K.L.:
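Next up is a structure, given as structure tokens.
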Amino acid sequence: MTITENQQTLLRMLPGVDSILEAAKSDAVFDQVPKTVLVRSIRFAVEQLRDLILDDRQNITGNELSDAAVLAAVKKRVHSAMTPNLTRIVNATGIVIHTNLGRSLLADDAIENLSAIAGRYSNLEFDLSKGTRGSRYSIVENIICELSGAESAMVVNNNAGAVFLSLETIAKGKKVIVSRGELVEIGGSFRIPDVMAKSGGILKEVGTTNRTHLRDYEHAIEHDTALLLKVHTSNYSVIGFTADVSLETLVDLGAKYKIPVMEDLGSGTFVDFSKYGMLKEPTVQESVKAGTDIVTFSGDKLLGGPQAGIIVGKKDVIEKIKKNPINRALRIDKLTLAALESTLRHYRNIDQAMDRVPTLRMMTLPLERITSKAKALFESLNNIGDSRMSMALIDIFSRPGGGSLPLLTLPSKGIGIKIEGISANALEQQMRNYEYPVIGRIEDDLFIIDLRTVLDDELQIVEKAFKHILKKVRP
Ligand SMILES: *Cc1c(COP(=O)(O)O)cnc(C)c1O
């Protein structure tokens, strides 16, 4: 790369870190900023300018290299360094369990319990009645058994951990039979064959992608078969000419050959969604009732709690899992336990759970309620009175997300918006980059806000975001 004379002149004009640091002293904005942050931000800004000068496609001029210009860039950098990276957003996608947006929102009392426990010592591993060491797992074991009908239960960091731990405990160095139709990839690098390999279990695939029969499982059983595994195909569906073996049949087969049966339910729920006019998702109780030895599921998918992996099943197997030293690496945190316990307690009364657990509430939110939110937002956006903005109330479909109920679409209400002078893509980006980000979607060249997942008190944030953008694009 050759550096032109002009570029050399500009590079010489670049202010040094010390001179910017000196200039920053007279700007009150930087008073509370730690020196390390300020110096790093200055270095970053100067580096960025150097790159711009050396980039032939940019036409940097001397004006852009003044102390004042560099300080302005430093301010931006400092602001972002001093703002938490993890931030609240408005989920206007209509996807209820959006893995990228934090999956489930916690119920109010789960949040209260979590924050109460966070700032105090607790009996996390202390048996208050005996005054001796206790087990953190016992905090939720009873309620999980009560709700699921299982003999025993155990909780870990997430469901991926639950599957791994179960396989590692039961099938290390031994064979695990799985249908080819159930070799699921969840995304984020969770693939059944890979998890199996890491756990030391040896995958024995049977059947075909669309059809697996009982005889396929039975023929594959060998002296070193440790487990029959059923994986809920939670994020896709094989339709057409299909056949699979029911859990009950698999349990019978397991009993005949004295081989335990495990089911990874993925989402896992205590609620029969068919009672709410939706497709049926297998429930945890049904898996337990079928006689499955181990059932695993997530805490933050349809259950609507914090990130966790729940393992329920027969006492002897769960005891083995509890004793596996790898447990320690997958240990559930006390804040999670606090939130999980409160979430689970709601399920003692399903109607209460449907009302108080946000994931369930959003899944079953009546269309009239969504429509009235959509109308309220439409009204307030209309009241901004900016003729460049055109919008319409539209009928759309939301999705459960989180790899749950893949075929289910939920009729919803949204607003489709266009702003003169900005493309739908640019509008989506500006809403996303607003100080309180609003994440929507684009359909038919419209920016769409699905009101199902927008909370009542977030309507005004959406309104403010639009006002901000309209002001910015004002000609
Ligand atoms: C989501 C899912 C997992 C992983 O659960 P996490 O709680 O995200 O770790 C495992 N198996 C299936 C079938 C799933 O749907």
Side-chain angles (χ1 to χ4, degrees), residues 95-106 140 144 153-168 171 176 178-199 201 203 205 227-238 244 247 250 261-271 273 279-284 286-287 292 294-313 321 326-327 329-333 335-337 339-340 343-344 359 363 399-408:
I95 299 169
V96 179
I97 309 166
H98 198 308
T99 296
N100 301 148
L101 306 183
R103 287 199 181 154
S104 287
L105 310 189
L106 294 177
V140 286
I144 296 172
M154 151 93 191
V155 279
V156 291
N157 178 63
N158 61 4
N159 187 34
V163 173
F164 172 80
L165 180 64
S166 304
L167 292 173
E168 214 273 346
V176 181
V178 191
S179 160
R180 289 200 169 87
E182 298 174 1
L183 294 173
V184 178
E185 172 179 316
I186 305 303
S189 80
F190 182 93
R191 294 171 138 195
I192 290 292
D194 298 347
V195 173
M196 184 77 69
K198 286 285 174 199
S199 73
L203 177 63
E205 303 172 24
L227 191 67
L228 307 177
L229 173 63
K230 196 162 176 65
V231 184
H232 181 47
T233 56
S234 46
N235 55 2
Y236 68 98
S237 190
V238 181
D244 66 352
L247 187 62
L250 215 53
V261 175
M262 166 169 158
E263 180 169 44
D264 172 15
L265 271 181
S267 202
T269 175
F270 296 115
V271 178
F273 279 96
L279 292 173
K280 185 159 170 81
E281 176 83 359
T283 66
V284 178
E286 286 158 359
S287 293
T292 319
I294 311 167
V295 182
T296 70
F297 55 101
S298 273
D300 56 354
K301 290 185 182 170
L302 281 173
L303 195 72
Q307 180 191 304
I310 302 172
I311 312 174
V312 300
I321 294 174
I326 290 175
N327 250 336
L330 300 167
R331 190 156 89 161
I332 191 163
D333 159 70
L335 302 183
T336 308
L337 268 174
L340 184 61
T343 305
L344 289 166
T359 295
M363 289 274 298
R399 286 183 171 280
S404 313
L405 301 157
L407 298 184
L408 180 65

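Remember, it's 1-based here, ligands and their atoms both numbered in the order they're listed. Since the structure is predicted, the reported quantities are computational estimates derived from the model, not experimental observations.
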K.L.:
I'd like to know if the side chain of Asn159 pairs up with that of Thr296 as donor and acceptor (distance under 3.5 Å, no hydrogens or angles considered).
P.N.:
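The answer is yes; a qualifying pair exists.
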K.L.:
Under 3.5 Å, side chain of Thr359 to main-chain N/O of Ser104, donor-acceptor pair present?
P.N.:
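No: the side chain of Thr359 does not pair with the backbone of Ser104.
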K.L.:
For a side chain to side chain contact (heavy atoms under 4.5 Å, CB included) with Phe297, tell me which candidate from Thr283, Leu302, Leu265, Ile311 qualifies.
P.N.:
Leu265
K.L.:
Tell me which one of Lys301, Arg103, Glu263 gets a heavy atom nearest to atom 8 (O) of ligand 1.
P.N.:
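It is Arg103 whose heavy atom sits nearest to atom 8 (O) of ligand 1.
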K.L.:
What protein heavy atom lies closest to atom 15 (O) of ligand 1? Include the residue and the distance to one decimal.
P.N.:
Ser234 OG, 2.6 Å
K.L.:
Quick one: do Arg180 and Glu205 make a salt bridge, cutoff under 4.0 Å?
P.N.:
yes
K.L.:
Give the residue and atom name of whichever protein heavy atom lies nearest to atom 11 (N) of ligand 1, and the separation in Å to one decimal.
P.N.:
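Of every protein heavy atom, Asp264 OD2, 2.6 Å lies nearest to atom 11 (N) of ligand 1.
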K.L.:
Among all the protein's non-hydrogen atoms, which is closest to atom 10 (C) of ligand 1, and how far away is it?
P.N.:
Asn159 ND2, 3.2 Å
K.L.:
Less than 4.5 Å apart, side chain to side chain, heavy atoms only: is that true for Leu303 and Ile310?
P.N.:
yes
K.L.:
Who gets closest to atom 12 (C) of ligand 1 by heavy atom: Gly266, Gly161, Ala160?
P.N.:
Gly266
K.L.:
I'd like to know if Lys301 pairs up with Glu281 as an ion pair, taking the criterion as any Lys NZ or Arg NE/NH1/NH2 lying under 4.0 Å from an Asp or Glu carboxylate oxygen.
P.N.:
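Between Glu281 and Lys301 there is no salt bridge, as every charged N stays at least 4.0 Å from the carboxylate O atoms.
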K.L.:
Considering Ser298, Gly299, Ser267, Ala162 one by one, which has a heavy atom nearer to atom 6 (P) of ligand 1 than any of the others?
P.N.:
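Going through Ser298, Gly299, Ser267, Ala162 one by one, Ser298 has the nearest heavy atom to atom 6 (P) of ligand 1.
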K.L.:
Distance under 4.0 Å to a non-hydrogen atom of His232: what atoms of ligand 1 satisfy this?
P.N.:
13 (C)
K.L.:
Given 3.5 Å as the limit, does a donor-acceptor pair link the side chain of Thr292 with the main chain of Ser287, or not?
P.N.:
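Yes.
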K.L.:
N/O of Val163 under 3.5 Å from N/O of ligand 1, yes or no?
P.N.:
no
K.L.:
Has Gln307 got any heavy atom lying under 4.0 angstrom from an atom of ligand 1?
P.N.:
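Not so, Gln307 does not reach ligand 1.
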